[in-house]
Peer 1: 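Quick one: this structure, given as structure tokens, is what I'll be asking you about.
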Amino acid sequence: MRDGTPIRRIVVVGGGTAGWMAAAALARFLGGSGKRIVLVESEAIGTVGVGEGTIPPILEFNLQLGIDEAEFLRETKATYKLGIEFVNWTTGDDRYFHQFGQIGRPLNGMSFHQLWLKHRHDGSVGPLSDYSMSAVAAARHRFSHPASDPGNPLSQLAYAFHFDAAAYGRFLRRYAEARGAERVEGKIIDVEQDGETGFVTGLLLDDDRRVRGDLFIDCSGFRSLLLGQKLGIPFEDWSHWLPCDRAIAVPSERVDPLLPYTRSTAHPAGWQWRIPLQHRTGNGHVYSSAHMSDEDAERLLIGTLDGKPIAEPNRLRFAAGRRTKSWEANVIAVGLSSGFLEPLESTSIHLIQHGIQKLLSLCPSRGINPAERDEYNRHMVRGYEPVRDFIILHYHATRRTGPFWDHVRTMAVPDSLEHKLELFREHGRVFRYNEELFDVPSWIAVILGQGIDPASYDPLVDGMPDADVRRAMAELRNSYLQAAQRLPLASEFIDRRVAAA
Ligand SMILES: Cc1cc2nc3c(=O)[nH]c(=O)nc-3n(C[C@H](O)[C@H](O)[C@H](O)COP(=O)(O)OP(=O)(O)OC[C@H]3O[C@@H](n4cnc5c(N)ncnc54)[C@H](O)[C@@H]3O)c2cc1C
């Protein structure tokens, strides 16, 4: 492709979660524009096959695509997720909840957590999670959609999904093909470039077919076939901050009650996820190979399942980090080909969504405009780095000991995280900067949950009468509890929705 060439054919390379999310969104928004959307994937290579926890922005993606939630639940075997329970992350004998959505409500303009920091040792004040609608409902295994009336405590409930990754891929494939996306089955053995511009012109398949295109969306997974291998965009390695580099995943039989949240349990060299789906539980052990052998990691996982395993373990290797650019020439990498942060806060699918949304808002029509390309790359850095810091926080702020935890506890962290922690340690203050994914309540829940205590609270709280604050806090706590007790069990709610689909 040369400068100014109209972009008529968009080729998505890879049919994992990233590939089909991209194809579905492109088909939805460009399907009627005369552009062809072609996706190439190889069943022989397969997909990474994991990635089942999401965060609330997934609702926007579904909304933009016009996906019906009941149908989505039925087809992807999804369950509702209200947050993540972190077990043994602080001392080795503890638990806290990272809720979706707000914590409490501001009083006279003061953040709720500041009131809580001042009054938390009063006998009448409960743990922070008692002031989150999502956390209170989750603790009782209950769920309902958020209320639209802002005065109703249920308006503060926020949710996402757990789903079956393979079923999600099939669901999006049907969606994309119904809107004109074409699928090509075949193994790519070479990527062809224009000798002058370096732009990618086509893919050579192992049966000698050629797939030509004007714009290529590289969703080829960890291989990063186009962006990394062909265009040579370097990988910025973050494994000195995030040393977990292996995972073993194994599904087990469903166990009731169905929990509307992910559980993340810390282990001597990493952690274990537990993701409840309608038909099974997804489990995985993420660990550092420098601190634990594969055999020990597998033994630990199998020994701690709460249901019978129903498939052979899937072993994965990875490194935390990202390509220094996501868009180079006429190639835009989305998904694992662009970068990977381990699944502790279920952010990878969101970063795919972020990449697709920015692609849609900067979609080229003729040639490649360097300003649009650079803008895209800037958004990707702003998307990844705060998420990286948030994940590092979980490892770094701990009192756990042992070779793995000693390393992460004492390591130097990125300056951006250090600054956030310094601010918090003084007066419990947290600020959200431009495109940061996680909002203040998320940082508050995890910083406090990981055991960091600020020296003091915001002095403005002292301007408010203690009795009024205590009364308001008690009313709030009670309103969440009352609202949660009236909700159906998450399993009942799902059954009803699936039946309605
Ligand atoms: C252990 C683990 C747990 C995770 N858990 C979560 C989670 O809970 N939540 C979350 O948001 N994310 C999670 N992720 C990340 C998530 O799995 C990925 O972001 C998501 O699956 C997207 O992967 P992908 O589509 O980029 O790559 P892949 O699934 O690897 O897909 C790559 C595609 O490229 C194709 N391909 C590659 N090479 C060729 C070739 N030569 N020719 C033709 N086709 C080719 C493959 O066939 C495949 O279709 C997790 C990741 C790991 C490793």
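All of these numbers come straight from a predicted model, not from anything done at the bench. As the structure lists them, so they are numbered: ligands from 1, and atoms in each ligand from 1.
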Peer 1: Under 3.5 Å between some N or O of ligand 1 and some N or O of Ile275?
Peer 2: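 Not met; the criterion fails.
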Peer 1: Do the side chains of Asp214 and Arg8 get close enough for a salt bridge, i.e. N-O under 4.0 angstrom?
Peer 2: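 No, Asp214 and Arg8 are not salt-bridged.
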Peer 1: Please name the residue in the list Gln102, Gln99, Gln156 that meets the side chain to side chain contact (heavy atoms under 4.5 Å, CB included) test with Met133.
Peer 2: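 Result: among Gln102, Gln99, Gln156, Gln156 is the only option passing the side chain to side chain contact (heavy atoms under 4.5 Å, CB included) with Met133.
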Peer 1: With Thr324, which residues qualify under side chain to side chain contact (heavy atoms under 4.5 Å, CB included), at least two apart?
Peer 2: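 Partners of Thr324 under the side chain to side chain contact (heavy atoms under 4.5 Å, CB included) test: Ile233, Pro234, Glu236.
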Peer 1: If the threshold is 4.0 Å, N to carboxylate O, is there a salt bridge linking Glu295 and Arg299?
Peer 2: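 Result for this pair is no, no salt bridge flagged.
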Peer 1: Please verify the inter-ring angle class for Trp89 with Phe86; under 30° counts as parallel, over 60° as perpendicular, anything in between as tilted.
Peer 2: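 If you compare the ring of Trp89 with that of Phe86, the planes turn out perpendicular.
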Peer 1: Does any N or O of ligand 1 fall below 3.5 Å from an N or O anywhere on Ile188, backbone included?
Peer 2: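 Yes, there is a polar N/O contact under 3.5 Å.
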Peer 1: Give yes or no for whether the N/O distance cutoff of 3.5 Å, strictly under, is met between Gly46 and ligand 1.
Peer 2: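 Looking only at distances, the answer is yes, because the N/O contact criterion of under 3.5 Å is met.
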Peer 1: Does Ser220 have a heavy atom less than 4.0 Å from any atom of ligand 1?
Peer 2: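 A heavy atom of Ser220 does come that close to ligand 1.
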Peer 1: Is there any N or O on Val13 that sits under 3.5 Å from an N or O of ligand 1?
Peer 2: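 The answer is no, given that Val13 and ligand 1 share no N or O pair closer than 3.5 Å.
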Peer 1: So, does Ala44 sit close enough to ligand 1 that a heavy atom of it is under 4.0 Å from the ligand?
Peer 2: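 Not so, Ala44 does not reach ligand 1.
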Peer 1: Tell me: protein heavy atom nearest atom 40 (C) of ligand 1, and distance?
Peer 2: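 Closest protein heavy atom to atom 40 (C) of ligand 1: Ile45 CD1, 3.3 Å.
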Peer 1: If you measure from each non-hydrogen atom of Ile352 to ligand 1, which part falls under 4.0 Å: side chain, backbone, both or neither?
Peer 2: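 The answer is the side chain of Ile352.
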Peer 1: Any side-chain donor-acceptor pair under 3.5 Å between Asp294 and Tyr287?
Peer 2: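 The criterion, which ignores hydrogens and geometry beyond distance, is satisfied for Tyr287 and Asp294.
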Peer 1: Between Phe100, Tyr80, Tyr261, which is the residue that forms a ring-ring contact (aromatic ring centres under 6.0 Å, His included) with Phe143?
Peer 2: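 It is Tyr80; the other options fail the test.
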Peer 1: Heavy atoms only: which of Ala249, Gly49, Gly169, Gly16 lies closest to atom 31 (O) of ligand 1?
Peer 2: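 Considering heavy atoms of Ala249, Gly49, Gly169, Gly16, the nearest to atom 31 (O) of ligand 1 sits in Gly16.
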Peer 1: Shortest non-hydrogen contact from Val136 to Ser129?
Peer 2: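 The answer is CG2-O, 3.5 Å.
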Peer 1: Counting only nitrogen or oxygen atoms and a 3.5 angstrom limit, does Ser42 reach ligand 1?
Peer 2: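 Between Ser42 and ligand 1 (N or O atoms, distance only) the closest approach is under 3.5 Å.
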Peer 1: With a 6.0 Å cut-off on the ring centroids, do Phe390 and Trp443 count as close?
Peer 2: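 Yes - the distance between ring centres of Phe390 and Trp443 falls below the 6.0 Å cut-off.
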Peer 1: Among all protein heavy atoms, pick out the one at the shortest distance from atom 13 (C) of ligand 1; state its residue, atom name and that distance to 0.1 Å.
Peer 2: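 Here the nearest protein heavy atom works out to Gly51 CA, 3.4 Å.
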Peer 1: Under 4.0 Å from a heavy atom of Ala18: which atoms of ligand 1 are those, numbered in the order shown and with their elements?
Peer 2: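 That gives atoms 22 (C), 24 (P), 25 (O), 26 (O) of ligand 1.
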Peer 1: Distance alone, cut at 3.5 Å: any donor-acceptor contact between the side chains of Tyr168 and Glu52?
Peer 2: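 No, no side-chain donor-acceptor contact under 3.5 Å.
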Peer 1: Distance under 6.0 Å and angle within 45° of the ring axis: does Arg322 meet both against Tyr384?
Peer 2: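 Satisfied, under 6.0 Å and within 45°.
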Peer 1: Tell me whether Val50 has any N or O atom under 3.5 angstrom from an N or O of ligand 1.
Peer 2: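 So ligand 1 has an N or O lying under 3.5 Å from an N or O of Val50.
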Peer 1: Identify the protein heavy atom lying closest to atom 20 (C) of ligand 1, giving its residue, its atom name and the separation to 0.1 Å.
Peer 2: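 Looking at atom 20 (C) of ligand 1, the protein heavy atom closest to it is Thr17 CB, 3.8 Å.
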Peer 1: Any side-chain donor-acceptor pair under 3.5 Å between Asp194 and Thr201?
Peer 2: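 No, Thr201 and Asp194 have no side-chain donor paired with an acceptor closer than 3.5 Å.
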Peer 1: Is the centre of the Phe61 ring less than 6.0 Å from the centre of the His350 ring?
Peer 2: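 Judged by ring-centre distance (under 6.0 Å), Phe61 and His350 do not meet the cut-off.
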Peer 1: Provide the number and element of each atom of ligand 1 under 4.0 Å from a heavy atom of Gly15.
Peer 2: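 That gives atoms 33 (C), 48 (C), 49 (O) of ligand 1.
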Peer 1: Just jot down the ligand 1 atoms closer than 4.0 angstrom to any heavy atom of Gly53, in number order.
Peer 2: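 Those qualifying, in numeric order: 7 (C), 8 (O), 9 (N), 10 (C), 11 (O).
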Peer 1: Give the single entry among Pro343, Ala160, Gly186 that approaches atom 43 (C) of ligand 1 most closely by any heavy atom.
Peer 2: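 Residue with the shortest heavy-atom distance to the ligand atom: Gly186.
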Peer 1: Identify, by atom number and element, the atoms of ligand 1 in contact range of Ser346, meaning under 4.0 Å from any of its heavy atoms.
Peer 2: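 So the answer, numbered in order with elements, is 9 (N), 11 (O).
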Peer 1: Check whether Tyr175 forms a cation-pi arrangement with Arg179 (NZ or CZ under 6.0 Å from the six-membered ring centre, at most 45° off the ring normal).
Peer 2: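 Here Arg179 passes the 6.0 Å and 45° test against Tyr175.
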Peer 1: Between Arg210 and Glu192, is there a salt bridge with N-O shorter than 4.0 Å?
Peer 2: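 Answer for the salt bridge query: yes.
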Peer 1: Taking heavy atoms and a distance under 4.0 Å, where does Ala165 meet ligand 1: side chain, backbone, both or neither?
Peer 2: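 No part of Ala165 comes within reach of ligand 1.
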Peer 1: Identify, with sequence neighbours excluded, every residue that meets ring-ring contact (aromatic ring centres under 6.0 Å, His included) alongside Phe216.
Peer 2: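 Residues passing ring-ring contact (aromatic ring centres under 6.0 Å, His included) with Phe216: none at all.
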Peer 1: Is there a polar contact, in the sense of an N or O pair closer than 3.5 Å, between Ser337 and ligand 1?
Peer 2: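 Such a contact does not occur with ligand 1.
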Peer 1: Specify the protein heavy atom at minimum distance from atom 53 (C) of ligand 1: its residue, its atom name, and the distance to 0.1 Å.
Peer 2: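 Here the nearest protein heavy atom works out to Phe340 CZ, 3.7 Å.
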Peer 1: Check if Trp20 has a non-hydrogen atom at a distance under 4.0 Å from any atom of ligand 1.
Peer 2: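 It does not, in that no heavy atom of Trp20 comes within the 4.0 Å cut-off of ligand 1.
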Peer 1: Does some non-hydrogen atom of Thr54 fall short of 4.0 Å from ligand 1?
Peer 2: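 The answer is no: ligand 1 sits nowhere under 4.0 Å from a heavy atom of Thr54.
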Peer 1: Nearest protein heavy atom to atom 11 (O) of ligand 1, by residue and atom, and its distance?
Peer 2: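 Result for atom 11 (O) of ligand 1: Ile349 N, 2.7 Å.
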Peer 1: Taking non-hydrogen atoms only, is Ser348 closer than 4.0 angstrom to ligand 1 via side chain, backbone, both or neither?
Peer 2: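 The answer is both, backbone and side chain.
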Peer 1: Could you check whether Phe493 and His145 have their ring centres less than 6.0 Å apart?
Peer 2: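 Centroid separation for His145 and Phe493: below 6.0 Å.
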Peer 1: With a cut-off of 4.0 Å, which atoms of ligand 1 are near a heavy atom of Leu225?
Peer 2: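 Every atom of ligand 1 under 4.0 Å from some heavy atom of Leu225: 38 (N), 39 (C), 40 (C), 41 (N).
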Peer 1: Got a second to check how far Ile37's CD1 is from Glu182's CD, nearest 0.5 Å?
Peer 2: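 Taking CD1 in Ile37 and CD in Glu182, the distance rounds to 9.0 Å.
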Peer 1: Starting from atom 1 (C) of ligand 1, find the nearest protein heavy-atom neighbour and note its residue, name and distance.
Peer 2: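 For atom 1 (C) of ligand 1, the nearest protein heavy atom is Ala247 CB, 3.4 Å.
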Peer 1: What atoms in ligand 1 come closer than 4.0 Å to a heavy atom of Glu52?
Peer 2: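 Answer for ligand 1: 7 (C), 8 (O).
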Peer 1: Looking at atom 23 (O) of ligand 1, what's its closest protein heavy atom, distance included?
Peer 2: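 Among all protein heavy atoms, the one nearest atom 23 (O) of ligand 1 is Leu336 CD1, 3.4 Å.
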Peer 1: Just distances here: any N/O of Gly335 and N/O of ligand 1 closer than 3.5 Å?
Peer 2: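 No, since none of the N or O atoms of Gly335 sits under 3.5 Å from an N or O of ligand 1.
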Peer 1: Can a donor-acceptor pair be found, under 3.5 Å and without considering hydrogens, that links the side chain of Thr262 to the backbone of Ile84?
Peer 2: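 Here the side-chain-to-backbone pair does not exist.
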Peer 1: Could you tell me the residue and atom name of the protein heavy atom closest to atom 27 (O) of ligand 1, and the distance to it rounded to 0.1 Å?
Peer 2: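 Of every protein heavy atom, Gly221 CA, 3.4 Å lies nearest to atom 27 (O) of ligand 1.
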Peer 1: When only distance counts, is Gly14 in polar contact with ligand 1, meaning an N/O pair under 3.5 Å?
Peer 2: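 The answer is no, given that Gly14 and ligand 1 share no N or O pair closer than 3.5 Å.
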Peer 1: Using a 4.0 Å cut-off to any heavy atom of Val48, which atoms of ligand 1 qualify?
Peer 2: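 Matching atoms, with element in brackets: 17 (O), 21 (O), 28 (P), 29 (O), 30 (O).
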